[in-house]
Amino acid sequence: MADEGESVKVAVRVRPFNGREKERDAKCCIRMNDKMTTITNPATQIAKNFTFDYSYWSTDGEETLPDGYNKSQGAGKGLDGATYADQQQVFDELGQGVLNNAYGGFNSCLFAYGQTGAGKTHTMLGATGDHRGIIPRSIEQILTTVQETAESGWSYTLQASFLEIYNESIRDLLVPPKELEGRDYTIRQGENGMMAIADLKIMEVTSTEDVERLMATAEKHKTVKGTDMNERSSRSHTVFQLRITATRQLKGDGPKQTLHGSLNLVDLAGSERLSKSCATGDRLKETQSINKSLSALTDVFVALSKKAAHVPYRNSKLTFLLQPCLSGDGKALVIANISPVESSAHESVCTLRFASMVSSCELGKATKHISTGATTDAPAASSDAAAAATEAPSTLERSDSMESVASNISSVTACSSATAASGVSGAPRPASAASSRASLIPGASAASRRPLSTRTDPAANKKNTRESLAPAAAAAGKAGPATALKSGIPAPRTSLVARAGAAKPA
C-alpha cells in the first residue's frame, strides 16, 4: 500500500449456498472473472459489472467436507473460471497487508461489510482448523513474527481488546455481562493517534493459548440472535483492536526507537430489510440501530469520496472510534461480502454499490507513529536515529511555532497598551457592543440609540440621525482635524488638489 494519495482498498467475496438455499434449489446470480464481479437482475436479466482490487469466489470448491465447508484442491474453478478462494488465501492477500501496516507504526483497519447472512463473521472469525478467519490468523502471524524478529533486536508488546457496539452502547466482550454494570465506556482521544475507551479491559497476548482464550471469551459474550434471514445473526458491530509496540536499540549507543501501530478488525452487523427479516420487539430495535449506524458509516465514506470539508465522524460511536483509521491518519481496507442467491440480488447490488463508492475514497498520506528516545551517553545520534527523527513528529518545530504565536500575542498586547496610554482613543473601552456603537457617535440622538424593535420608521430615523449629527460634524470641521479626532467625528475630507495646493510654499 502506498503512503501518499492512497485510496481505500476494496475486496468482494461471495459466500457458498447454505443448507436452506440448497433445499430450495436456489439459483446463483453472481459471476466472477479476475477482478470483475457481475450480478444479474433475476427479473430483467440485466447484468451489471463491478471492478475491485480483489475478488474472491468462495461459492463452490472441489470438495465439500462433512462439516459443510468447501475445500479447494488448487484446481477448483467457479463460474466463468473464477478460482475458489479459501480462508488462507483471503488472509494472505488481505490480512497480511493490514498486518504489515500495523507493524510499520500505522493505524490500520479492515471492515467486513454486507447484508445479514452474507458471510462476514466467517471471514473475520471463521471456525476451527483450516476454517479460521482473519482475526485468529492475524494474531498467530504476529506471534510468529515476534519470535522471528527477536534475534534482530526487536521486542514487541501486544495488547488486545474485544468489544461490541450494541444499540449504540459499547460492551466489553472480555468481561462477563454481570460485571458490565456501572462501567463508563467513554470514547476519548488517546495516544499515538488512537482513540481510547475508559474501563475497557486490555489483555496482553504472549502465546497461542492467550489467543484461544480471548476468542472463546469474546464468542461467548457476543450478541447473536436468529431472524428469518439468518439463524445466527450478529446483532452488534464487533471490533477487535490490537495495539502493537515494537522497540529496538539503534546502532552503537544510539537511542531506542519505538513504533506504535494498531490493528482494527471490524465485523459489522448486517443490514436488513424488515420485510425479509420479520423482526419484532427487541430484534426490531436492533435492526433500526444497525441500519442507522451503517448509514452513518456510509455518510462518512460519502464525505471522504467528495473530499468534503466536514466529515461526520461523531454521528455514531463506530465511526468516532475508528476515526483515526479513516481520517487520513491511518489506512483502511473493506471486504464486501455478498450472497450468491437470486432472492438476495437487491441486497447484493446495494453492497456492491457501497463498495464501489468506498473504492473512490482517498485517505491521503497516513501518519507513521514512531518515537526515538534520547540517551545520556551519546550526545550525537547515529545515522539511523537521525533518519528516524525525520520520520517522527518534530517537537522542536511545534515549540518554535508556539513561541512565535506567543511572541505575536505579546506584541499585540504591548501595542494595545501603548495606544491606550497615549490617549488617542479619547475614551475608555465601552462595556458592551451597544455602548460601543453609541460612544462612537457622541452627538447621536436618543432615538438612534433605541433598540431596533422601537424604530417604526427606518427612513425617518435615518434622517433624524443625520440631522442630529450635522451640528457636531460642522463644529468638528471648523475646529480642525485635531478637535475632530478627540470628539470622535472624522474631519471633512478635502480633495487631493486642495491638499496639494495647501502644501505649496507661499
Side-chain angles (χ1 to χ4, degrees), residues 9-22 24-42 45-65 67-98 110-127 129-134 137 230 267 270 333-356 358-359:
K9 302 298 181 183
V10 177
V12 61
R13 187 183 192 188
V14 55
R15 66 161 175 81
F17 287 90
N18 59 37
R20 289 187 297 181
E21 292 163 350
K22 291 179 179 179
R24 296 197 303 261
D25 195 22
K27 305 300 181 183
C28 182
C29 64
I30 305 294
R31 301 289 187 275
M32 281 188 176
N33 187 2
D34 196 19
K35 295 183 178 182
M36 180 179 292
T37 299
T38 303
I39 183 168
T40 303
N41 187 321
Q45 294 302 309
I46 297 177
K48 187 171 180 60
N49 297 324
F50 296 87
T51 302
F52 301 104
D53 299 292
Y54 306 92
S55 294
Y56 297 112
W57 178 264
S58 301
T59 296
D60 54 3
E62 279 294 289
E63 180 184 359
T64 301
L65 302 177
D67 57 9
Y69 292 103
N70 292 335
K71 179 181 179 181
S72 172
Q73 294 182 344
K77 296 290 183 180
L79 299 176
D80 294 337
T83 304
Y84 177 82
D86 56 13
Q87 295 281 72
Q88 184 64 48
Q89 179 182 347
V90 173
F91 171 75
D92 290 342
E93 298 182 6
L94 299 183
Q96 190 64 59
V98 177
L110 188 151
F111 292 91
Y113 181 92
Q115 74 172 106
T116 182
K120 302 180 298 300
T121 301
H122 179 70
T123 298
M124 300 302 293
L125 293 174
D130 293 339
H131 309 303
R132 300 185 319 282
I134 291 177
R137 290 176 186 270
N230 188 3
D267 179 14
L333 188 151
V334 174
I335 178 167
N337 294 264
I338 58 177
S339 167
V341 298
E342 291 182 342
S343 59
S344 297
H346 174 77
E347 288 81 0
S348 297
V349 167
C350 292
T351 299
L352 293 172
R353 286 174 178 167
F354 171 83
S356 181
V358 170
S359 65

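Here, residue 1 is the first one in the sequence, and each next residue gets the next number. Excluded from the calculations below are hydrogen atoms, water molecules and symmetry mates; all remaining heavy atoms, backbone and side chain alike, are included.
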### Electrostatic pair Lys27:Glu21 at N-O distance under 4.0 angstrom
no

### Task
Starting from the C-alpha separation in whole Å, work towards a yes-or-no answer on side-chain contact (heavy atoms from CB on, under 4.5 Å) for Leu333 and Val10.
CA-CA 6 Å; Leu333 188 151; Val10 177; over 6 Å; no

### Query
What is the ring orientation for Tyr113 with Phe354, classed by angle as parallel under 30°, tilted 30 to 60°, or perpendicular over 60°?
parallel

#### Entry: Spacing of CD1 belonging to Ile30 relative to OG belonging to Ser344, to within rounding of 0.5 Å
9.5 Å

### side-chain contact (heavy atoms from CB on, under 4.5 Å) between Met36 and Phe52, intermediate numbers included
CA-CA 7 Å; Met36 180 179 292; Phe52 301 104; over 6 Å; no

### Query
What do the steps show when you test Thr59 against Phe17 for side-chain contact (heavy atoms from CB on, under 4.5 Å), and what is the final call?
CA-CA 7 Å; Thr59 296; Phe17 287 90; 3.8 Å; yes

### Query
Is any side-chain heavy atom of Phe50 less than 4.5 Å from a side-chain heavy atom of Val12?
no

### Option passing side-chain hydrogen bond (donor to acceptor under 3.5 Å, both in side chains) with Tyr56 (candidates Gln89, Glu93, Arg13)
Glu93

### Query
Where is the tightest heavy-atom contact between Ala336 and Thr351, given as atom of each residue plus distance?
CB-CG2, 3.7 Å

### Message
Are Gln45 and Thr40 packed together at the side-chain level, in the sense that at least one heavy-atom pair is separated by less than 4.5 angstrom?
### Response
yes

### Summary
dist Glu347:CD -> Thr116:OG1 (nearest 0.5 Å) comes out at 10.0 Å

### Query
How far does CG of Asn49 sit from NZ of Lys35, to the nearest 0.5 angstrom?
15.5 Å

### Task
Could you check if a side-chain atom of Pro340 sits within less than 4.5 angstrom of a side-chain atom of Arg15, using non-hydrogen atoms only?
yes

### Query
Looking at side-chain heavy atoms only, is the closest gap between Thr123 and Asn337 below 4.5 Å?
yes

#### Entry: Working for side-chain contact (heavy atoms from CB on, under 4.5 Å), residues Ser339 and Gln115
CA-CA 8 Å; Ser339 167; Gln115 74 172 106; 4.0 Å; yes

### Query
Any chance the side chains of Arg31 and Thr37 put a donor and an acceptor closer than 3.5 Å?
no

### Query
At what distance, to the nearest 0.5 angstrom, does NZ of Lys48 lie from OG of Ser348?
14.0 Å

### Query
Do His131 and Asp86 come close enough that some side-chain heavy atom pair is under 4.5 Å?
no

### Message
Run the side-chain contact (heavy atoms from CB on, under 4.5 Å) test against Arg137 and tell me which residues pass, sequence neighbours left out.
### Response
Gln87, Gln88, Phe91, Arg132

### Query
Rounded to the nearest 0.5 Å, how far apart are CG of Asn41 and CD1 of Ile46?
6.5 Å

